[in-house]
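Contents: one structure, followed by commentary.
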Amino acid sequence: MTETIHPTPAEDAAGYDPAAVELKWQERWETRGTNHTDLAAGVRPFYALMMFPYPSAEGLHVGNLFAFTGNDIYGRFQRLQGHTVFEPLGYDAFGIHSENFALKVGTHPADLIPKNIDNFRRQLKRSGLMVDWRHELSTTDPDYYKWTQWLFLQLYKRGLAYKKRAAVNWCPVDKTVLANEQVISGECERCGAKVEQRFLEQWFFRITDYAGRLLDNLDTLDWSESTKLAQRNWIGRSEGAELVFRVQDLEELTGAATIALGETGEFTADTMDIRVFTTRPDTVFGATYLVLAPEHPLVDKLTTSEQRDDVAAYTKRAAKQDVVSRKVSKDKTGVFTGSFAVNPATQQPIPIWIADYVLMEYGTGAIMAVPGHDERDFEFAKVFDLPIVRVVAPTGSHDTHAPLHEAFTDSEKGQLVNSGSFSGLSVAEGKRQIVDLLAKNGHGRPVVNYRLHDWCISRQRYWGPPIPIIYCDTCGTVPVPEKDLPVELPYVEDFRPDDTGISPLARAESWYRVNCPTCGAQARRETDVSDTFLDSAWYFLRYPSSDIDDAAFDPTLTKKWLPVNSYIGGNEHAVLHLLYSRFTTMVLYDAGLLDFDEPYTKFRAHGMIIREGAKMSKSRGNVVNPDEYVERWGADTFRTYLMFLGPYEEGGDFRDQSIAGVRRFLDRLWSSVLESSTTGAPDADVMRKLHQTIEKVSKDLPALSYNTAIAAMMEYMNVVRRGERKAHRAEVEPLVQLVSVFAPHLAEELWERLGHSAHGGSIFDAGWPVFDASLAAENQATIAVQVGGKTRGTVQIPVGAGQEEALAAAMADPTIAKFVTGTPRKVIFVPGRLLNLVL
RNA sequence: GCCGGGAUGGCGAAACGGGUAGACGCGAGGGACUUAAAAUCCCUUUCUCGCAAGAGAGUCCGGGUUCGAGUCCCGGUCCUGGCACCA
């Protein structure tokens, strides 16, 4: 342990000692409660949230600190503007990351995580964040996950949580089910293993019910555009139509009744229709065959006896095939069922095929294939020699029967051809009229489809909150009564997952055996735990209410503090976490538990930090360990340096060499302030620059332009130090306030030494320097003089002077005048900026 | 393939609604202080030619609009992030 040193004025000469200053103020903030937010009494509440970290064993990553520091500066600035700011922090400590690491090192996660959290807390406190640590939380704490389970029950109550047997993404290495979002190009996001397809009973949340709202609300949010766009793409709205194709000679085929997809998604024996989803109903005249997904429930019924063996072989292969080769290999394969359906537009019979390029999860699991105008259908038709018909031609084209050498997919500049009475219409108009007609005849209807899937929240793992459900032989699926929460995660010695697909909790018999809460008979608990993203889908609601134990969140505090005013985090969570937390907020709003339906009013994604031009990674061995830098340079220097690297929303290139420059700046500030005098008057030129700097920094901070704010302060520092003179107190005192958001310890220390904190006050309660436009105004303007658009020099004229004066000054300068050969044809004058003489 | 973001000195980067390109910082070169080094301070630093004054070129490449383009428009190259048979 380093002993705390309290430098006395006599030690000023020794210079700036960040270690001493920082420890001193961290201690004081703690004892004085400087960073404590009075949630009940605070005025103009401002909730500055940062994405909470996963407490890894490696300790805090610079990326974390980059995010937190950016948020901290924003929060401190808001406080200095008179807001009561709440800046909480916690740990997202459940989940596969932690569990896998625990497995690797052979320690139980319940023993490992608290150690990691302690280490994180130490590092975070050392970095000088304005966090109110009284509201710290961890998702692994039963007092927290009790309410995660409660949240599950709210969804269950509302019919938004359901269980189904489903094809899921199975990672053979991590031995668990992955959400679609966790599968990257058919590979496990975490370990990179090829993801396989498995069928398991899983709990899902009906996020698809909210697809339209999740999409529409985006327009109202003050978020980074890139993030909104990522969400829009993920939700993937497609406008189109569902069309019905009747199977031909059905009786003959099945010898029995007909089957169709009902409202519930189940097949009923009313009619045997094949429903397809298409975004191009205008091309229905060109639909020359149908394709069903191999898992389509009608496959069996439609397969003729001659085709039975081939179809069986194909569907079997597709079922076994892992998701990767199915999705990545684009070579078209398929098999003919032997049956035909009638194209409702042409009334012609068309063959029904099965192919794995059609996915059961999207649309209706069946498509009408229009090889002339869809690339995939075109490829398939080529492989199996199916007819390709042109039904759209470039507008104005007369060659309506020209063979297609590739699919013509441009719907913007096309008109319908070979489409009966619809020929000649534009694609857009054709869509409308064809859907209208088919709808009238009971052959279709307009439909909107989303790519978003329901959220699978089951995890066959150990390290998560148990899903609060009990299965009883007589009562069926019974939710755990709220009074019985939390369902505590038992300490299980052997927490390893295995490839049975059954959770490790299934081995804890004494835990899962319970009496049914309804009938009292012997029953068993659900042994799956929930997805980590459920933990983080509501944590922002818990912070203000972290010490409340009779509710997930206190209604009064929540009303006062939420939604979150400013949220900062990485764009890696653009679709997962941000979408899920929006969804849960909407559900709670619909349940009448919240009075807002969007959790984050403003969100900004910070950029990524690379190092010496390369991505940071453990394998490269170039990961920045914040401890080393804080130790060597001080937290204030490190914070300021991180913010100086580059534009906050773009990230930056971390270079060890460059930190010294920031430290030099703080050193100079330190000595300039301590050497400043109170005698005489401040210099007018310096004061002008000061007010220009106040203006610039005040404008840059809310825009997250931290790098330019720092540059402006450095520039001002250079002005202050110009020449032999010592700075006047009035010239540097406001600079201490400006710099405080970046270097809070240093600023507190200087503020105290300037005599402002005699009564235990903080610079963060002293407000923000007031910008005085009259002091900032320049009286001379530098005007660039161009001759024929080429800059030939500059002239000084009084601010507000007109073209005549500028011209006179320009002509008085021989180096400019020599280029002016004759009378200018035209003179362009931009006040305060430029004079251009066109010859 | 589709959708984003980007390309500016030796390096990280600035540049308001077109209006002096390179602020700020690093590095480098020179100088002061020192027995010496570190630290600190001062000067120089886009490139080419020139002793200099100065001149010319210059924001990925090729066109265009404009008195004037890093910024706007058209076409292309490269880098980077995300999604990926979504009908």
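At a cut-off of 3.5 Å, with distance as the only test, a side-chain donor of A/T227 or A/N571 sits close to an acceptor on the other residue.
Comparing B/rU20, B/rC24, B/rG56 against the side chain of A/R792 picks out B/rG56 as the nearest. Set against B/rG25, B/rA87, B/rG19, the side chain of A/V358 has B/rA87 as its closest nucleotide. Checking B/rG25, B/rA23, B/rU20 against every side-chain atom of A/N718, the shortest atom distance belongs to B/rG25. Considering only side-chain atoms of A/I828, the nucleotide from B/rU20, B/rC67, B/rA14 that sits closest is B/rC67. Side chain of A/R664, nearest nucleotide from B/rG19, B/rG27, B/rU20: B/rG27. Comparing B/rG4, B/rU20, B/rA57 against the side chain of A/A784 picks out B/rU20 as the nearest. Checking B/rC67, B/rC24, B/rC85 against the side-chain heavy atoms of A/E715 singles out B/rC24 as nearest. The listed nucleotides are B/rA23, B/rG12, B/rC26; the one nearest the side chain of A/A711 is B/rA23. Side chain of A/F644, nearest nucleotide from B/rC26, B/rC41, B/rG12: B/rG12. Side-chain atoms of A/R451 lie closest to B/rC83 of the nucleotides B/rC83, B/rG4, B/rU20.
Along RNA chain B, the nucleotide nearest A/G661 and the nucleotide nearest A/V838 are compared for position; the residue whose nucleotide lies closer to the 5' end is A/G661.
A/E406 has its CD atom 13 Å from the C1' atom of B/rG1, to the nearest Å. Remark: P of B/rU40 and OH of A/Y16 are 15 Å apart, rounded to the nearest angstrom. Protein atom CG of A/L243 is 11 Å distant from nucleotide atom C1' of B/rA87, rounded to whole Å. Whole-Å rounding puts the A/I274 CD1 to B/rA87 P distance at 20 Å. For A/M714 and B/rC24, the CE to P distance is 11 Å, given to the nearest whole Å. Atom OH in A/Y648 sits roughly 20 Å away from atom C1' in B/rC24 (whole-Å rounding). Between the CD1 atom of A/I609 and the C1' atom of B/rG81 there is a distance of 16 Å, given to the nearest Å. The nearest whole Å value for the distance from the CE atom in A/M643 to the C1' atom in B/rA13 is 15 Å.
One C1' atom belongs to B/rC42, the other to B/rC33, and the distance between them is 11 Å to the nearest Å. B/rG58 and B/rU8 have their C1' atoms separated by 10 Å, given to the nearest Å. For the C1' atoms, the distance linking B/rA21 with B/rA14 amounts to 10 Å, nearest Å. A distance of about 15 Å separates the C1' atoms of B/rG75 and B/rU65, rounded to the whole Å. Comparing the same atom, P, in B/rC2 and in B/rG76 gives a spacing of 12 Å after rounding to whole Å. For the P atoms, the distance from B/rU45 to B/rG10 is 15 Å, rounded to whole Å. Across B/rC11 and B/rU66, the matching P atoms stand 36 Å from one another, rounded to whole Å. Across B/rU35 and B/rG25, the matching P atoms stand 31 Å from one another, rounded to whole Å.
Looking at heavy-atom distances under 4.0 Å, A/R655 makes contact with sugar-phosphate atoms alone, never a base. Across all strands shown, A/S238 has heavy atoms under 4.0 Å from sugar-phosphate atoms exclusively, and none from any base. Counting non-hydrogen atoms under 4.0 angstrom, A/K696 reaches nothing in the nucleic acid. Contact annotation for A/K818: backbone-only contact, meaning every heavy-atom pair under 4.0 Å involves sugar-phosphate atoms and none involves a base. Looking at heavy-atom distances under 4.0 Å, A/R668 makes contact with sugar-phosphate atoms alone, never a base. Using a 4.0 Å heavy-atom distance criterion, A/N707 is classed as a sugar-phosphate-only contact. A/F380 comes within contact range of no nucleotide atom at all, as no heavy-atom separation falls under 4.0 Å. Residue A/I367 is classed as a base contact, given a heavy-atom separation below 4.0 Å to a base. Nucleic acid contact class of A/Q786 (heavy atoms, under 4.0 Å, all strands): base. A/N836 comes within 4.0 angstrom of a nucleotide base, judged by non-hydrogen atoms across all strands. Heavy atoms of A/R721 sit under 4.0 angstrom from primed sugar atoms or phosphate atoms, though from no base atom. Contacts of A/T794 with the nucleic acid, taken as non-hydrogen atoms under 4.0 Å apart, include base atoms.
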Legend entry - Residue pair A/F380, A/W353: steps toward the ring-ring contact (aromatic ring centres under 6.0 Å, His included) verdict: CA-CA 10 Å; A/F380 190 83; A/W353 285 68; 5.6 Å; yes
Inset, instruction - Using the side chain to side chain donor-acceptor pair (under 3.5 Å) rule, take A/T69 and A/Y706 through it: C-alpha gap first, then chi angles, then the decisive distance, then the call. - result: CA-CA 11 Å; A/T69 305; A/Y706 298 144; over 6 Å; no
Inset, instruction - Report the C-alpha distance between A/D454 and A/T208 in whole Å, list the side-chain angles of each, state the deciding distance to 0.1 Å, and finish with yes or no for side chain to side chain donor-acceptor pair (under 3.5 Å). - result: CA-CA 6 Å; A/D454 273 345; A/T208 49; 2.6 Å; yes
Legend entry - Step-by-step salt bridge (Lys or Arg N to Asp or Glu O under 4.0 Å) determination, A/E225 to A/K228: CA-CA 5 Å; A/E225 274 311 312; A/K228 289 206 226 179; 3.6 Å; yes
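A/F654 CZ to A/F66 CZ: the interatomic distance, rounded to the nearest 0.5 Å, is 11.5 Å. Here the CG-CD1 distance, from A/D377 to A/I367, works out to 4.5 Å after rounding to the nearest 0.5 Å.
Each of A/E778, A/E695, A/E715 was evaluated against A/K689; a single residue qualifies, A/E715, per the salt bridge (charged side-chain N to carboxylate O under 4.0 Å, His left out) test.
Classification of B/rG70 as anti follows from a glycosidic angle more than 90° from 0.
In this model, the phosphate group of B/rA57 is approached by a side-chain N or O of A/K790 to a distance below 4.0 Å at OP1 or OP2. Between A/T791 and B/rA21 there is a side-chain N or O to OP1 or OP2 distance below 4.0 Å.
Ring geometry, A/W455 versus A/Y580: the interplanar angle falls under 30°, so the pair is classed parallel (tilted spans 30 to 60°).
When both pairing distances are held under 3.5 Å, B/rA55 makes a Watson-Crick or G-U pair with B/rU48. Using N1 to N3 plus N6-O4 or O6-N4 for Watson-Crick, or N1-O2 and O6-N3 for G-U wobble, each under 3.5 Å, B/rA32 pairs with B/rU40. Remark: B/rG81 base-pairs with B/rC3; criterion is Watson-Crick or G-U wobble with both hydrogen-bond distances under 3.5 Å. A 3.5 Å limit on both hydrogen-bonding distances identifies B/rG12 as the Watson-Crick or G-U partner of B/rC24.
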